[in-house]
Amino acid sequence: MLKLAGLSVDYGSFTAIKNVDIEVNEGELVVLLGANGAGKSTVFKAISGIEKWSDGDILFNGSSIKKKSPDRIVKAGIVQCAEGRELFDRMTVYENLIMGAYVHRRKKAEVKKSLGHVYELFPILEEKKESAAGSLSGGQQQMLAIGRSLMSRPKLLLLDEPSIGLAPLIVEQMFDVIQKINEEGTTVLLAEQNANAALKIADRGYVFESGSIVVKGSSNELLTNDSVRKAYIGA
Ligand code: ATP
């Protein structure tokens with residue numbers, strides 16, 4: 001479904017990612033692991049069309065997305081749920097969710113169906129639908145950000161550190177929901193520093209260091225890899 005082939009991204013004279021190969025097959029949940037600054041967000045920005053790349057290519061269902069603008073990439077089915085959430089704080093939960101469906105100008109019945117699905121995944125969002133997004137807790141805001149991404153019915157959902165700053169119990173719930181979203185048919189590419197939790201729900205993973213992939217494999221292979229355990233799992 002998604003293929004990054006020899007991808008490099010520069011910020012001026014600084015090469016943030018270098019010659020990166022990543023594949024995500026339809027239906028998979030794939031995780032990108034790596035410390036702060038390793039290059040995970042840069043990969044996401046390139047896939048979303050926000051950052052141009054200097055070398056290599058990104059193919060989505062076999063076609064290059066190099067010339068596509070960010071909104072056309074969303075229309076093609078790739079939706080990024082940003083780190084930091086970027087919600088409309090003064091708008092209600094409901095209004096934020098409706099904004100997520102805007103890009104497709106969907107019919108009312110379809111929007112209602114998507115909304116029902118999001119409320120089923122995150123019942124707290126239905127309870128709080130009339131509250132301002134800015135008044136929600138950190139975990140609820142993250143749920144709203146994911147819910148808003150789902151309103152446009154992505155084929156590929158990009159999740160950048162959804163567990164960052166959340167309490168352990170909420171992190172667990174978050175990973176359960178991400179797994180459910182994947183099981184319901186949405187392909188997921190997840191960037192995480194919480195390697196242990198991410199590898200428990202992922203099919204495969206890639207480990208980034210200083211802009212390059214240093215290890216890749218199935219989740220089981222990564223969970224039992226000594227250097228991965230030492231650096232990212234703390235065992
Ligand atoms: P984080 O978890 O902190 O977001 P990351 O793995 O996602 O980390 P990136 O944000 O992709 O890492 O950053 C990769 C490298 O590129 C870092 O060294 C960062 O300082 C640098 N970088 C990121 N954005 C820019 C920019 N706009 N201009 C210059 N350098 C940048």
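Indexing begins at 1, ligand by ligand and atom by atom, following the structure's order. Nothing fancy with the numbering, it's 1 onward along the sequence.
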Q: At under 4.0 Å between heavy atoms, is it the side chain or the backbone of F14 that contacts ligand 1, or both, or neither?
A: side chain
Q: Just jot down the ligand 1 atoms closer than 4.0 angstrom to any heavy atom of E161, in number order.
A: 2 (O)
Q: State if G39 counts as touching ligand 1 under the rule of any non-hydrogen atom under 4.0 Å.
A: yes
Q: Out of all atoms in ligand 1, which are within 4.0 Å of some heavy atom of A16? Include the element for each.
A: 16 (O)
Q: Which pairs with one or both residues in residues 197-207 pass salt bridge (charged side-chain N to carboxylate O under 4.0 Å, His left out), sequence neighbours excluded?
A: E28-R204
Q: Mind checking whether G12 has a heavy atom under 4.0 Å from ligand 1?
A: no
Q: Taking NZ, NE, NH1 and NH2 as the nitrogens, is one of them in E192 or K40 under 4.0 Å from a carboxylate oxygen of the other?
A: no
Q: Closest heavy-atom contact between Y206 and D21?
A: CE2-O, 3.7 Å
Q: Under 4.0 Å from any heavy atom of A35, which atoms of ligand 1 are there?
A: 6 (O)
Q: Which of the numbered atoms in ligand 1 are below 4.0 angstrom from a heavy atom of T42?
A: 9 (P), 11 (O), 13 (O), 14 (C)
Q: Show me the donor-acceptor pairs within less than 3.5 Å that the side chains of residues 120-127 make with the rest of the protein, sequence neighbours left out.
A:
none

Q: Counting each atom of ligand 1 from 1 as listed, which ones have a heavy atom of A38 under 4.0 Å away?
A: 5 (P), 6 (O), 12 (O)
Q: In terms of heavy-atom contacts, does CD of E95 have more than 12 from other residues, nucleotides or ligands at under 6.0 Å?
A: yes
